[in-house]
Protein chains: 2
Amino acid sequence: MGARVTRKPADEQPVRRRTTLHDVAARAGVSAATVSRVLNGTYRVSAETQSRVRRAAEELDYVVNAQARSLVASSSGLVAVLVTDITAPFYNRIAKGLAEQVTAEGRVCILSTPQSGDLDGELATITTLRQQSPEAIVLVGGVHESPDYRKRIDGLAHSLDAEGSRLVLCGRPSPTKDTPATVVEYDGEAGAFAITSHLLSAGHERILFLGGGAGSTTTNPRVRGYRRALEAYGTTPDPALIAHGSSTRVFGYEEMTRILASGTPDFTAVFASDDLAASGVLAALRGHGLRVPDDISVVGFDDTPVALDTVPSLTTVHVPMEEIGRTAIQLALHRHEADFRNAQHAVLGTHITVRDSVRPLVHKRT
Amino acid sequence: MGARVTRKPADEQPVRRRTTLHDVAARAGVSAATVSRVLNGTYRVSAETQSRVRRAAEELDYVVNAQARSLVASSSGLVAVLVTDITAPFYNRIAKGLAEQVTAEGRVCILSTPQSGDLDGELATITTLRQQSPEAIVLVGGVHESPDYRKRIDGLAHSLDAEGSRLVLCGRPSPTKDTPATVVEYDGEAGAFAITSHLLSAGHERILFLGGGAGSTTTNPRVRGYRRALEAYGTTPDPALIAHGSSTRVFGYEEMTRILASGTPDFTAVFASDDLAASGVLAALRGHGLRVPDDISVVGFDDTPVALDTVPSLTTVHVPMEEIGRTAIQLALHRHEADFRNAQHAVLGTHITVRDSVRPLVHKRT
DNA sequence: CTGAAAGCGCTTACAG
DNA sequence: CTGAAAGCGCTTACAG
């Protein structure tokens, strides 16, 4: 292996040079300015000169230097995206929408995956990315909002604004009313309200809410929707039926197992904070010999692919993840246009997707 | 919504300027050169000057302009990654390893998600990325190798090499023996051999191989390993037991359904081309009233999270996805160092992960 | 239609 | 230890 021949002694990098505008100009017998004009198609240039230039560029395998260009263009053509976990279905679908729209807008996407929950680390990463002069910096996913967080993110938004760049929040609320940022959220509360109502109308009044970080901007609306639905139904939410932790398969499994071990369930349905947690809940119930939906109904949130692979398939709330990403880029990049100037805060709708994990309580087999 | 106040008339972008080295120099009362030296810590500078400069930089919220720096540095600090589908677990795990290692190496990651299977599109994307002067361009995942493909990728590798950049192939073989590229593969053939042998030793001799693009660099080694194992066992592989298509859940489901509809299965086990296809196969078998593993055994490939959510959980081949990504970046970025110069082609090992989807045929319940 | 020149924001020999 | 100056590769008024 590694039969590659190196042309230089140890640890020394071979000297290479990239083809430059002047190389093309020299070969075509014109000035650098002319080459630039031909390749950018900006000014009119005689047909003959054009073809000479294009041929020379092709022959020399010329590729423009984006760094040099953006130095003079005052716009880098770069958009930076921060996602904590690109392996999480919820995040990578948003990231897909972001990346595709960035490309569609003729920009290039920078990706960074900072440690989750580490505000200092995240801000340090952002500083590194700011060096690249991105036209926008996109933060993806919910957070635990502290006053410190709010202040610093608001400060960041103002810094970027002052540089002509833009802070974009994706699936995360604005830190303050006046933060100069593009914000694209989804209506988590409405989704939670709808799916809780779905359970209620199937006869489930004792519903365990399991998972999600207490106080996170992702979990809060879901719990609010859950509570509101119970209240609208005339039930008082029981604080004992809320078990926070995190939105992972492992947490769903372990917490559900712990709860089952502590006695007979005093609930007939579980509202998991997301599909991942739901898949853990399903595994725990199965391990405990409980059938879903016959013995207990379970719902998730997000409508990610795992909802199809669980047995039974999962009734869940659909979140338009790719659209969140696409919309965020559109709004941010076109924010100076009349149509978008006053539409810098979008809240996308959600809806229930009914599958096989809920059964009407009145029909329960015995 | 959108209460943001803009300060300029319609469609006009507010004029903004970023803090520059000279701004810092002016405020600190030193030359730009000195500011540069302080901030980079390259030369020695008096302690007092240092603190004056640092303070000025802080007060002005100065962030260095990476474009300007890389123009003179002859190294951009950028690494470009091309992944067709960032929502596929196999790819996004490799991408995670890549992104994290890029950061660990002090570089910034550019991400692009070109259309899969479209060679022209992929090459066009690469041209765009080349403009950014990346230190390396990473191509992730298998392809259908045609002579045309080989020639063009080899040409690309030489172009990048001539510019001092590097082509990196991740989970994809080198197009030619002498292509100047960094290649990190995994031993798919060994994994397929092992899991097929696992099935054989459980008494399964009629094994359906289902999924995967015929002739793709991902599928080929898996089929080779499957065949070799059968032959090593003294069985002649039956071409009728290979059903290619693609490696998706949908294909696994539809193809398995089609096969079941056409008569009694003449196989006792299914080797799906990957976990996604396997999850579709499981759903089809369940839909057909067949129990896994009691009636039919099923195995997957890759060891992605879905293997835990299927019922039963999936026996599969573990591929070190994140490590592939990390290794690729390490090898590429350190290729001029003595330790790595002759190690530009790595093949990482795979192993079986045994779960619940295989049952010894001799113990089959009736 | 085309070229010479200035300048984008940095870094780095070259002088002191 | 510090500054003036050149130059990285482009684009774009400014002249012709």
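Lettering follows sequence order; numbering is per chain, from 1. All heavy atoms count here, side chains included; hydrogens, waters and symmetry mates do not.
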(request) Please lay out, stage by stage, how I329(B) and V138(B) fare under the test side chain to side chain contact (heavy atoms under 4.5 Å, CB included). (result) CA-CA 8 Å; I329(B) 295 300; V138(B) 187; 4.1 Å; yes

(message) Apply side chain to side chain donor-acceptor pair (under 3.5 Å) to residues T128(A) and T125(A) and explain how you reach the verdict.
(response) CA-CA 5 Å; T128(A) 304; T125(A) 302; over 6 Å; no

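For R37(B), taking side-chain heavy atoms from C-beta onward, the closest of the listed nucleotides dT11(C), dG9(D), dA4(D) is dA4(D). You'll find that the side chain of T34(A) is closest to dT2(C), out of dC10(D), dG9(C), dT2(C). Side-chain atoms of Y62(B) lie closest to dC10(C) of the nucleotides dC10(C), dG9(C), dA4(C). Distances from the side chain of V30(B) to the nucleotides dT2(C), dC10(C), dG3(D) place dG3(D) closest. Side-chain atoms of L21(A) lie closest to dC10(D) of the nucleotides dT12(C), dC10(D), dC8(C). Across dC10(D), dT11(D), dC8(D), the shortest atom-to-atom separation from the side chain of N40(A) is found for dT11(D). Listed nucleotides dT11(C), dG9(C), dA5(C) differ in distance to V64(B); the shortest reach to its side chain belongs to dT11(C).
If you measure from atom CG of L39(A) to atom C1' of dC10(D), you get 12 Å, rounded to the nearest angstrom. At whole-Å resolution of the value, CZ in R18(B) and P in dG7(C) are 21 Å apart. If you measure from atom CD of Q50(B) to atom P of dC1(D), you get 10 Å, rounded to the nearest angstrom. Atom CG in N65(B) sits roughly 18 Å away from atom P in dG7(C) (whole-Å rounding). Atom pair H22(B):NE2 and dT11(C):P shows a separation of 11 Å (rounding to whole Å applied). In this structure, the CG atom of L60(A) is 14 Å from the P atom of dG9(D), given to the nearest Å. As rounded to whole Å, 11 Å separates atom C1' of dC10(D) from atom CD of Q67(A). Between the P atom of dT11(C) and the CZ atom of R69(B) lies a distance of 5 Å, rounded to the nearest Å.
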(request) For DNA chain C, just give me the dot-bracket, please: Watson-Crick or G-U, both distances below 3.5 Å, ( ) intra-strand, [ ] crossing earlier pairs, | paired with another strand, . unpaired. (result) |||.||||||||.|||

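A donor-acceptor contact closer than 3.5 angstrom links the side chains of T182(B) and R166(B). Inspection of the R150(A) and T176(A) side chains reveals no N or O donor paired with an N or O acceptor under 3.5 Å. Judged by distance alone, the side chains of S165(B) and D161(B) never bring a donor and an acceptor atom under 3.5 Å apart. Side-chain contact of N65(A) with R130(B): a donor-acceptor pair under 3.5 Å is absent, judged by distance alone. For the residue pair E135(B) / S75(B), a side-chain donor-acceptor distance below 3.5 Å is found, with atom types taken as modelled.
Residue whose closest nucleotide on DNA chain D sits further toward the 5' end, between V72(B) and G29(B): G29(B).
Here the separation of dG16(C) from dT12(C), taken at their C1' atoms, is 16 Å to the nearest Å.
Nucleic acid contact class of S70(A) (heavy atoms, under 4.0 Å, all strands): none.
In this model, the phosphate group of dC1(C) is not approached by any side-chain N or O of T49(A) to a distance below 4.0 Å at OP1 or OP2. Regarding contacts with the backbone of dT11(C), a side-chain N or O of S36(B) is found under 4.0 angstrom from either OP1 or OP2. Remark: T20(A) is not in phosphate contact with dC8(D), judged by side-chain N or O atoms under 4.0 Å from OP1 or OP2.
Annotation: side chain to side chain contact (heavy atoms under 4.5 Å, CB included) contacts of Q330(A) (sequence neighbours excluded): Q101(A), E105(A).
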